[in-house]
Amino acid sequence: MARLLFWRLLRTALAVWALASGVFLLSRHDVNTALQLAQPEAADLRTGAGTPAARQAQEWATRRRLGLDVPLFYVGRHVPAHAVEGQWHWNGTNNQYHQWLRGVAHGQFGTSFRTGEAVTARLGRALLFTVPLTGSAALLAAVLALWLAQRLAARPAWLGPVRGALVGVHALPLFVIALVLLLLFANPAVLAWFPAYGLDQSTDADLDVGSQLADYLWHLALPVAALTLSALPGLTLQLEASLAHELGSGYATTARAKGLAGRAVIRHHALRNALLPSLAQLAELLPALVAGAVVVEVAFALPGMGRLLAEAAAARDYPVLMGGVLLTGAARLLSLLLTDMLYFWVDPRIRWQS
Amino acid sequence: MYRVRQNSSAGVLLCLALALLLQGCKANRREAAAIKIRWAHDPENLDPLQLANQTAVDANYLLNCSLLQADLVTHQFAPVLAEALPTVQFLGDSLMRLHYSLRPEATWDNGRPVLATDVAFTLKLMFCPGLPNETPSSEYRFIREILLDPNNPRRFSLVCTGQAVEYVQASGDFFVLPEASLDPGGEMRRFSLADLQHRPATALPNAVLQALAQRYAAAAPGQTPERLPGCGPYRLVKWEKDRYLRFRRKPHWWADRVRPRPVLLEARPARLQYVIIPDAATASLALQRGDLDVFPQMPTREFTRLRTSPAARATLNFYATASYDVTTVGFNTRHAVLADALTRQALSRCLDAAGVLKANELRQGQRTVGLISPSDRLNYNDSLTPVPFDPAGAVRLLRRAGWQRAARPEAGWRRQLPQGGTQELRLVVRYRADEQLFATIALQFQAAAASIGVPVALLPTESGAFSMALRNGDFDVYVRSLRGNPFIFNFTSLLHSQSVGAGNATGFSTPESDRLIEAIAAANTQQRRAVLLRRFQALMQQQAPIVPLFFLSSHIAASKQLTGLHPSSIKPGFTATAMDWAAGPTTPQ
Amino acid sequence: MAVLTTFSFSWTQKWAFAWLGLLVAVAAVAPALPLPYLPTVPDLAHVAQAPLGPGRHWLGTDVQGRDVLSLLVFGTRTAVLLTLPAALLAACIGALAGGAAGFWGNRRRVETAYWVLAAGGAWWVLRLPAPWLGPLVAALAGARLLMSKRNRPTPGPRLPLDALVMGAATALDSIPRLVLVVAMAASAGGVSATGLLVLLTLTAWPTPARLVRAQMLRVRALPFAEAARAAGVPEWRIWLRHAMPHAIKPLESNFPLSLVSLLSLESTLSFLGVGLPPEIASWGRLMASFRQEPSAWWLLAFPTIMLVISILSLNALARWRRI
């Protein structure tokens, strides 16, 4: 078992490397946009507007500062001026990919194009804000879904209206949920129970730990509620459907025929089998934990991975984006590994894959 | 058993929620004397050499000082570190010498005086290789040399190539950095400014310059501006990325000793907090709750809605000013279909600027004939009239341009080329997808063009991809805003043949317009420049590579407790340092 | 829910059929409907106007002065002709890929000749030195394959099918949406209707793939698969005929939900600043315009109502098959 786990982990690491390398090489095709965005905005009127030669020198200086003046990869295709077909060419180890890979091996993801800040530090800080937010929302959604689906399976009479409500909530895009929550519970014209933005309101840092924590939770209430509401219907409806399917199968009928109460049948017999597809859904929440929730972060003005990555994408800040891709990719592959292990636990008939 | 457990957990949750609520209310009632101002996004980088956005510029005005600064009230440049505006001395017909003298009171935080050597050092930084200085190095290339006065360490003169009026203002519009902190040995004094400016990109690395670049990178003024002593009125106390920036007034700032004190040297608020709230709806809620004090650049709709709401009127003041941002539609003159002025004129008659202004801006904003704001009485060409919305006139102009409407209405317009072959008039409009106003203009244009039989496809584009598309000429028509100011009238980057492939997205250039643009940029009196600018506006209206539609208004909503905002047309639209609480610096709540 | 249903429809299902039929009909005849306004023509005199206001805008207008009623009608057309096919396509691709990955895992052996064929193709595509070598090798491998049809095939290395499918899904999910869309739009020169279809399918297939793979892991261990193998049924036949029908069970309830996520993806794209051509009216984007004008409840209410009824109808029909 331990050996299998080791091999699986090794394979996951290899997959993360392959994924990140692919994205790295593809992303550098768009590097001209990054350079263009680093140049002064053309929509501004300004004093100096250089000649084409000066502009080229300026672009070259930017390229050099961002470390984009060396070739991309060990091999490359050079298209000579008068040829149609390019030739493969060996570039040596002084290339962008090699430098990046060496950095990653040392735990350095490079520095941001925009700010010159170390990517590792920036991602770490963003994670610190994102994980409590998304983590508590995922936990809350999972627990609520488990509870709600069991209740619904036990009492089909409720099913119609509750499913209608769940589908209604599910039909709303996340930013609408967030906006509606804001307009209902943070609006002085309706109910001003919760704050509208940020993580703390106090300007002084002399609060004791207890009230700081309370302040923090008070600020997180609406964002967590929005995320939970958006994740809950999908989880509940899926679990309820599988439960209904399992309850219709032979062994459940047998269990009922033995005289077991409906709830006991669900909890002791059907639930475990019905969980399988839901585990896949839950595992999808794990990468979202580190990728953040851009919509909620924007709506409630919270700092976090979602906003960081969205802004980095808009500015073509590839070092930051690559850090984000590595992180989410790793989380996703790990979550796959985790679900496979959970499958094995839920249904031991599933063979452990080597 | 199930039910009991569920009830108890619900009870616990309820109690927790109540406790949180009470805590929250308590926290809400705390005193907060800092003035909170909304920013839509984080400045990201505060490096004074690499000011990428308006928020970074605003923050740098708090931390650093420049020689001259635009006075938002008078719309004139006024001295800050300099004692007075520079005296101008023309040398021949292409050189100009500007004589500056620094204020004797001016000091860095560590008590050292601000001297002419600091200015010389800052100028050299702009051309030192290895620093993030690409933007200033192109912008300040017109300063070819700095001459220090050997008798007075506070006096110096700048030698400029060209005698343009705007060089006088621009020559003082950069943040001065301390030489003693970045170059303690004074090793940069060995280099002259011209040496650095003409240093080829292929030159061998120089140890002194490399050491300087390393010291600059280690100081990281973009991320930790507090490491360098500034000479501005505020200190950055705390910067939480994507959350807030807190500034605190220095207890003893050098300008406190200046008498009489101009508005630009005021620094009234003891604490300023810029909070970053990306979503406008959230920011508006925070403003109404009193969690925010100033909301600059408020969306027009929200501004109008709040201004008519009695609850908001009781606590907020509303200010609307004309801005220097002009919304324009541009044609890609490199495409053969749009290469002639008549076709462009015809298509510009399909733009209903007045209608869009009425619908989107709720009648706030000004129609314009050119790229110069109508509030600029001297330079605006008021003898022209704005292009009317006139689809029938567009049809006439298209006919004159040689286009013929096909027999079937859906076939559109075609014209024979002199060298044979036919052209078909169908257009692709690109605009930034995140801007509502541009979408409205594009939709209106599409509908009007369809009514005269010109098929138009709309391509809303993500903003990074949009600037690439403009640069590569991958569009027929674009809609975008140009950010202007009342000081600079240099249209080289926008419409000169030199900038085709860079800032000149339309690809437009004629020898006549090139000459005119150069003459405007070189004009050495305001009167001469005004004459040329009026001629330029007429030429552009006739050639129509860019159709300026209107200047938008900018809106600020602020707490009633605040005084001294000085709402202005110039960015950021108000004077943060001159604000004060009406009832003294106590609780705003 | 253990009620045995026969093939007769309940009244809910009849209503569901009626509603979906109505949607399809509206989608088909949308251009011919006598609407007072077209969805692409802004009415600048009536912007963000409430329902039943002046100017014959019965359901109001959005922030650009477009008629909500006609946006809803043409949004239906998009939903039926674009979003629904995309969801179906994504479900099919996901089911096939996930089902195959779950059934064969990483242990399926593939004949050496196929490997050589693939390598030859790759050689040619990459234009490695002497590109003609590629097709030559590939042709040789093809000939070998044809020959070996008669004799026993020689099993080659294992094909990591599971790793490939899950890796592709992970790659698609890990790249931020904005980057993916921008890259696609850049390569296709703007997001068109077909581009949108491809984009929606591409971003939507990983979810069904994971669901089906999860179920397949369980199904392939069931006794009937062993029994079929023992009876000498070929592997692919067991997969397609026996395992797949069970493995796609989770999709029944997931499909209506995935339709919703596709619609909200359309609205999230405009949230991120990636534009779709305004000719493609969509319910999701109508909801998104609520963000510009939070006081305009009609922008949110009408598309949400349409969407909820449609999802409930689809759910009701999905339950029809369930025993």
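Note that this is a predicted model, so its numbers are computed, not measured. Order of the sequence lines sets the chain letters (A, B, ...), proteins ahead of strands, with each chain counted from 1.
The two residues B:P460 and C:P277 make their nearest non-hydrogen contact at CD-CA, 4.0 Å.
When heavy atoms are compared at a cutoff of 4.5 Å, B:Q446 approaches chain C solely by way of its side chain, counted from C-beta outward. In this structure, chain B has a heavy atom under 4.5 Å from the side chain of C:S295, while its backbone stays farther away. Proximity to chain C is limited to the side chain of B:Y431, based on heavy atoms less than 4.5 angstrom apart. Only the side chain of B:A281 comes within contact range of chain C, with at least one heavy atom under 4.5 Å from a heavy atom of that chain.
No option in B:T440, B:V356, B:L437 other than B:T440 meets the side chain to side chain contact (heavy atoms under 4.5 Å, CB included) test with C:Q64.
Of the listed residues (C:A48, C:P294, C:P278, C:S289), the one with the most heavy-atom contacts under 4.5 Å to chain B is C:P278.
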* To do: Take B:R301 and C:E293, measure what side chain to side chain contact (heavy atoms under 4.5 Å, CB included) needs, and give me the verdict at the end.
  => CA-CA 8 Å; B:R301 253 171 207 294; C:E293 184 73 27; 2.7 Å; yes
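No more than 12 heavy atoms of other residues, nucleotides or ligands lie within 6.0 Å of CZ in B:R313, so this atom counts as exposed by the packing criterion.
For the atom pair CG (B:L443) and CG (C:L44), the distance works out to 9.0 Å, reported to the nearest 0.5 Å.
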